[in-house]
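Below is one structure, written out as structure tokens; the observations come after it.
In listed order, ligands and their atoms are each counted from 1. Both backbone and side-chain heavy atoms feed into the values below; hydrogens, waters and symmetry mates do not.
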Amino acid sequence: MADHHAQPHGRLALVTGGGRGIGEAVCRRLAASGFRVVVADIDGGNARAVAQALGAEPGFHHFRQFDVSDEAAVEAAFDDIEGSIGPVAALVCVAGILLMPGGERSLIKDTSLEDWERTFAVNARSVFLCGRAYLRRREAAPVAHGRIVTFGSVAAQLGGYRSSATYIGAKSAVLGLTKAMARESAHMGVTVNSVAPGLIDTDMLRGTVQSSGALAAAAANIPLGRIGTVGDVAGAVDYLVSEQAAYITGNVIDVNGGYRMQ
Ligand SMILES: NC(=O)c1ccc[n+]([C@@H]2O[C@H](COP(=O)([O-])OP(=O)(O)OC[C@H]3O[C@@H](n4cnc5c(N)ncnc54)[C@H](O)[C@@H]3O)[C@@H](O)[C@H]2O)c1
């Protein structure tokens, strides 16, 4: 599961938000573990670049551009992917947003309904839409070792003080939805789990800090003494989608350096 290159087994993984950050690292890790990867992102240029950088012969990995919060776009993407490439075995819902109006975390009293709706659409509705599209198709055409991995956040677990109430609310919804999907898909042998990252060094995190000093101060509060890397998170996803994780479902793996211990 580390940086090895396994023999391709060809199971298909669809990774949303695969164009950069954690999603990009997940694509690289799953490709190294033998998955055939569809890199999906609203930024088609980034998705294409990530897919091309995965190596392998042309036509093995793919990219798709679509908005995970758009019902018609999600259904069309699944029809297209399953029709032209094959059944999705592992769905990894990484795409998410943290709105910071004016570069600041907004307090509830200052939050617009529009920001609330947008945050829920991209972080939570997306998981419902992609999860539903996957489960409908797996009921009709089962796969071995079916997997869904969603993305929560330490913010939802702690009532996070670096992020907004809209984000905390939406990520909390994802955690509940993960359990509901786990229960409803267990009869198919499909497992559904969530990864809850702590502070991970990506564009999203850097959008919440004003200086590198602030980041160093945050790291000092983490038992393992550092901000996490995208590779730290990708390793947890790699495990959850593997055959070895067959008896784990409805669960959350915290990847936070001990920032929150339960
Ligand atoms: N970075 C952290 O510290 C941290 C902590 C906790 C949770 N998370 C979660 O991990 C996931 C990845 O975060 P990241 O830091 O890599 O973020 P990021 O902003 O670097 O990357 C997110 C990706 O999602 C894509 N995306 C955004 N909206 C989309 C949409 N509507 N449709 C399709 N794609 C869309 C973006 O284009 C981007 O490529 C997110 O769900 C985030 O909430 C991150």
Side-chain angles (χ1 to χ4, degrees), residues 14-29 38-51 63-74 76-78 91-100 105 117-130 133 149-164 166-175 177-178 194-209 214-215 218-219 221-222 226-234 236-237 252-257 259-260:
L14 170 59
V15 182
T16 73
R20 72 176 197 192
I22 293 169
E24 177 182 1
V26 168
C27 291
R28 282 194 266 109
R29 189 66 61 102
V38 180
V39 184
D41 206 284
I42 199 166
D43 185 326
N46 278 357
R48 178 194 288 113
V50 170
F63 76 93
R64 290 291 186 276
Q65 188 274 328
F66 62 93
D67 179 348
V68 288
S69 69
D70 179 332
E71 181 179 31
V74 169
F78 267 83
L91 166 66
V92 188
C93 300
V94 189
I97 50 163
L98 171 59
L99 297 178
M100 300 279 284
R105 167 185 98 89
E117 299 286 7
R118 182 82 196 126
T119 301
F120 264 74
V122 177
N123 291 294
R125 182 204 294 172
S126 62
V127 179
F128 163 66
L129 291 176
C130 293
V149 178
T150 65
F151 268 71
S153 172
V154 72
Q157 298 164 319
L158 289 178
Y161 38 89
R162 307 181 71 81
S163 54
S164 63
T166 55
Y167 183 80
I168 294 164
K171 289 298 188 183
S172 298
V174 170
L175 293 178
L177 182 56
T178 300
S194 197
V195 172
L199 304 182
I200 309 298
D201 193 359
T202 67
D203 292 343
M204 182 183 282
L205 177 70
R206 288 186 179 270
T208 70
V209 291
L215 217 49
N221 287 323
I222 297 171
R226 63 176 176 86
I227 302 294
T229 66
V230 292
D232 290 328
V233 184
V237 175
V252 182
I253 295 189
D254 292 348
V255 184
N256 61 25
Y259 192 51
R260 180 196 87 110

(request) Could you check atom 31 (N) of ligand 1 against the protein and tell me its nearest heavy-atom contact, residue, atom and distance included? (result) Asp67 OD1, 2.8 Å

[X] N/O under 3.5 Å from ligand 1 N/O:
{"X": "Val68", "result": "yes"}
{"X": "Ile42", "result": "yes"}
{"X": "Arg20", "result": "yes"}
{"X": "Asp43", "result": "no"}
{"X": "Thr202", "result": "yes"}
{"X": "Ile22", "result": "yes"}
{"X": "Arg118", "result": "no"}

(request) Between Lys171 and ligand 1, find which residue part has any heavy-atom pair under 4.0 Å and reply side chain, backbone, both or neither. (result) side chain

With [atom] as the reference point, say which of [options] has the nearest heavy atom.
{"atom": "atom 28 (N) of ligand 1", "options": "Val94, Val122, Ile200, Val39", "value": "Val122"}
{"atom": "atom 27 (C) of ligand 1", "options": "Ala73, Gly96, Gly17, Ala47", "value": "Gly96"}
{"atom": "atom 4 (C) of ligand 1", "options": "Gly207, Gly198, Ala196", "value": "Gly198"}

For the student: nearest non-hydrogen atoms of [X] and [Y], plus distance:
{"X": "Ile168", "Y": "Ala156", "answer": "O-CB, 3.9 Å"}
{"X": "Val154", "Y": "Gly198", "answer": "CG1-CA, 3.6 Å"}
{"X": "Cys130", "Y": "Phe78", "answer": "O-CZ, 3.7 Å"}

Just how far is it from atom [atom1] of [X] to atom [atom2] of [Y], taken to the nearest 0.5 Å?
{"X": "Thr16", "Y": "Arg64", "atom1": "OG1", "atom2": "CZ", "result": "15.0 Å"}
{"X": "Leu99", "Y": "Ser163", "atom1": "CG", "atom2": "OG", "result": "11.5 Å"}
{"X": "Arg125", "Y": "Asp70", "atom1": "CZ", "atom2": "CG", "result": "8.5 Å"}
{"X": "Asn123", "Y": "Cys93", "atom1": "CG", "atom2": "SG", "result": "11.5 Å"}
{"X": "Leu215", "Y": "Thr208", "atom1": "CG", "atom2": "OG1", "result": "7.5 Å"}

Can you sort out which atoms of ligand 1 are near [X], meaning under 4.0 Å from one of its heavy atoms?
{"X": "Gly152", "result": "7 (C)"}
{"X": "Phe66", "result": "32 (N), 33 (C)"}
{"X": "Gly21", "result": "16 (O)"}
{"X": "Tyr167", "result": "6 (C), 7 (C), 8 (N), 9 (C), 42 (C), 43 (O)"}

(message) Once side-chain contact (heavy atoms from CB on, under 4.5 Å) is applied, do any residues pair with Ala219, and if so which ones, sequence neighbours excluded?
(response) Ile227

(message) I'd like to know if the side chain of Asp254 and the backbone of Asn256 have a donor-acceptor N/O pair within less than 3.5 Å.
(response) no

(message) Arg20: which residues meet the salt bridge (Lys or Arg N to Asp or Glu O under 4.0 Å) condition with it, sequence neighbours left out?
(response) Asp203

(message) So, 4.0 Å and heavy atoms of Asp41: is ligand 1 close enough to count as a contact?
(response) yes

